[in-house]
Asker: 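Let me begin by handing over the structure; questions about it come next.
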Amino acid sequence: MKPERGPLRVALLGCGVVGSEVVRLLREQADDLAARVGTPLELAGVAVRRPERVRAGVDPALVTTDAQGLVTRDDVDIVVEVIGGIEPARTLMLEAMKTGKSVVTANKALLAEDGATLFAAAREYGADLYYEASVAGAIPLLRPLRESLVGDHVHRVLGIVNGTTNYILDQMDSNGAGFNEALEEAQALGYAEADPTADVEGFDAAAKAAILAQLAFHTPVTAADVHREGITEVSAADVAGAKGMDCVVKLLAICERVPSDGGAQDGRNGRGVSVRVYPAMIPRSHPLASVREAYNAVFVEAESAGSLMFYGAGAGGAPTASAVLGDLVAVARNVVGGTPGPVEVTYAKLPVLPMGETVTRYYIHLDVTDEAGVLAAVAAEFARHEVSIQAVRQVGLGEEAQLVVVTHRAPDAALSAVVEGLRGLDSVREVASVMRVEGEE
Ligand SMILES: NC(=O)c1ccc[n+]([C@@H]2O[C@H](COP(=O)([O-])OP(=O)(O)OC[C@H]3O[C@@H](n4cnc5c(N)ncnc54)[C@H](O)[C@@H]3O)[C@@H](O)[C@H]2O)c1
Ligand SMILES: N[C@@H](CCO)C(=O)O
Ligand code: NA
């Protein structure tokens, strides 16, 4: 009979919004977790920056400011990193793996910037590196991509992966809230990053898109490869324009294979992949339009599986801690069983194509002079760049005249050239709103 092993000792790095919930769940669910793992999970230490702070439910004897000392301690088996940011998180995780510990992290910024270094260390030292909490909070999404769908051929991953921006856009759409007011609420609810610029400028969603694309396409993708536009430029006029089209504005992350131009040499992989984050209009009838508050939802389209939808709480302390605990139990089971989990493979090495080559659709709202020939001049600008118009509508008359144009799909470079051209027309007083359109056609 196998000798019974002692408890597995867990070092927690960071005790903020997520870390404090990890401590609570470890304490409240201790017996169940022990039964599920086959041995108890015991907190060995909690590394914090401000030790003087009183933390409910945290034994002060476990608190330390020496994170480096904690991760290299012999009596620690697994390290949970919920500090965030690049350093010291990276050094601490590398130190942990070097000394034979497995790591669970929620740190998408680091994984998207330098995941390769972490994965190489995991491989070299035979450690597990699990990171379900890093994308879409509580929603099981990375494990399905990493394990359940690893036998399939994923074409596209598309969704809402940032809770803070979804919360802001939802408030703007549903009750006309101002941007700053909605952001403050999202911060108070624990959804925002320590520096909310990461959320509103799209860096957080871009990091998540990189992680998703890498897993979906088995190809190296970093945050720097992702085309990124945030929501700071989304105005009340854009939100109103979307309403007028029976659409809603959402910050979308899109990772897709770009089909070949017909040349057979690109095979099933296509010409490469497109990975991008931007605010876009989607029809209110689209399932993503009904994703409210800080919820996230992601569609995965795979060759054999077809279309799958993942939905749930994308941010917040307890939901994120649920994903951390799930990983912790998985890693602990691997330690008990003596078999490490899967390692990342990025064998495909597909090129990430520039945004200009990505095919999209635009909604363009123009303030124009209401006189003969305006429509012809506007239409000529689209024709000059071979962009086909799907619909055009005039609103108002005289000084108030406005044109709303929706295009068919065209290369993004051609669409942005059209917008530049329109800005130069005498009959166009202002390009009031430009937004990509997703989710139909
Ligand atoms: N809050 C969420 O909804 C959410 C969701 C998914 C992922 N995440 C990720 O989880 C991580 C933590 O997020 P959070 O919301 O808990 O942030 P937070 O700012 O509330 O907590 C981070 C904690 O780490 C502490 N810290 C900073 N440097 C430290 C150091 N050197 N040693 C020890 N402690 C240190 C800070 O004092 C803070 O208490 C980040 O990577 C974040 O991106 C957060
Ligand atoms: N700040 C992130 C936390 C979850 O990753 C968000 O708002 O989605
Ligand atoms: Na997740």
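Each ligand, and each atom within it, is numbered from 1 in the order the structure gives.
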Asker: Does the N or O separation between Gly163 and ligand 2 drop below 3.5 Å for any pair?
Answerer: yes
Asker: Consider every N or O of Gly314 and every N or O of ligand 1, then say whether any pair is closer than 3.5 Å.
Answerer: no
Asker: Applying a 4.0 Å heavy-atom criterion (strictly less than), which segment of Val18 is in contact with ligand 1: side chain, backbone, both, or neither?
Answerer: both
Asker: Does Arg257 come within less than 4.0 Å of Glu301, counting only side-chain N to carboxylate O?
Answerer: no
Asker: With Arg143, which residues qualify under salt bridge (Lys or Arg N to Asp or Glu O under 4.0 Å), at least two apart?
Answerer: Asp327
Asker: Taking the six-membered ring of Tyr362 as reference, does the cationic atom of Arg436 (NZ for Lys, CZ for Arg) lie under 6.0 Å from its centre and within 45° of its axis?
Answerer: no
Asker: For Gln390 and Arg361, does a side-chain donor sit closer than 3.5 Å to a side-chain acceptor?
Answerer: yes
Asker: Heavy-atom contacts under 4.0 Å between Ala106 and ligand 1: side chain, backbone, both, or neither?
Answerer: both
Asker: Tell me which protein heavy atom sits closest to atom 5 (O) of ligand 2, plus the residue, atom name and distance to 0.1 Å.
Answerer: Lys108 NZ, 2.5 Å
Asker: Is atom 17 (O) of ligand 1 in close reach of the protein, with a heavy atom under 4.0 Å away?
Answerer: no
Asker: I need the protein N, O or S atoms closer than 3.0 Å to the Na ion (ligand 3), given as residue plus atom name.
Answerer: Glu132 O, Glu132 OE2, Val135 O, Gly137 O, Ile139 O
Asker: Please tell me if the side chains of Glu42 and Leu8 come closer than 4.5 Å, counting only heavy atoms from C-beta onward.
Answerer: no
Asker: Taking the non-hydrogen atoms of Gly137, is any one of them nearer than 4.0 angstrom to ligand 1?
Answerer: no
Asker: Could you tell me whether ligand 2 has any atom less than 4.0 Å away from a heavy atom of Gly137?
Answerer: no
Asker: Using a 4.0 Å cut-off to any heavy atom of Glu193, which atoms of ligand 2 qualify?
Answerer: 1 (N), 2 (C), 3 (C)
Asker: Within the 4.0 Å heavy-atom shell around Tyr191, which atoms of ligand 2 are there?
Answerer: 1 (N), 2 (C), 3 (C), 6 (C), 7 (O)
Asker: Below 4.0 Å from ligand 1: does a non-hydrogen atom of Ala133 turn up there or not?
Answerer: yes
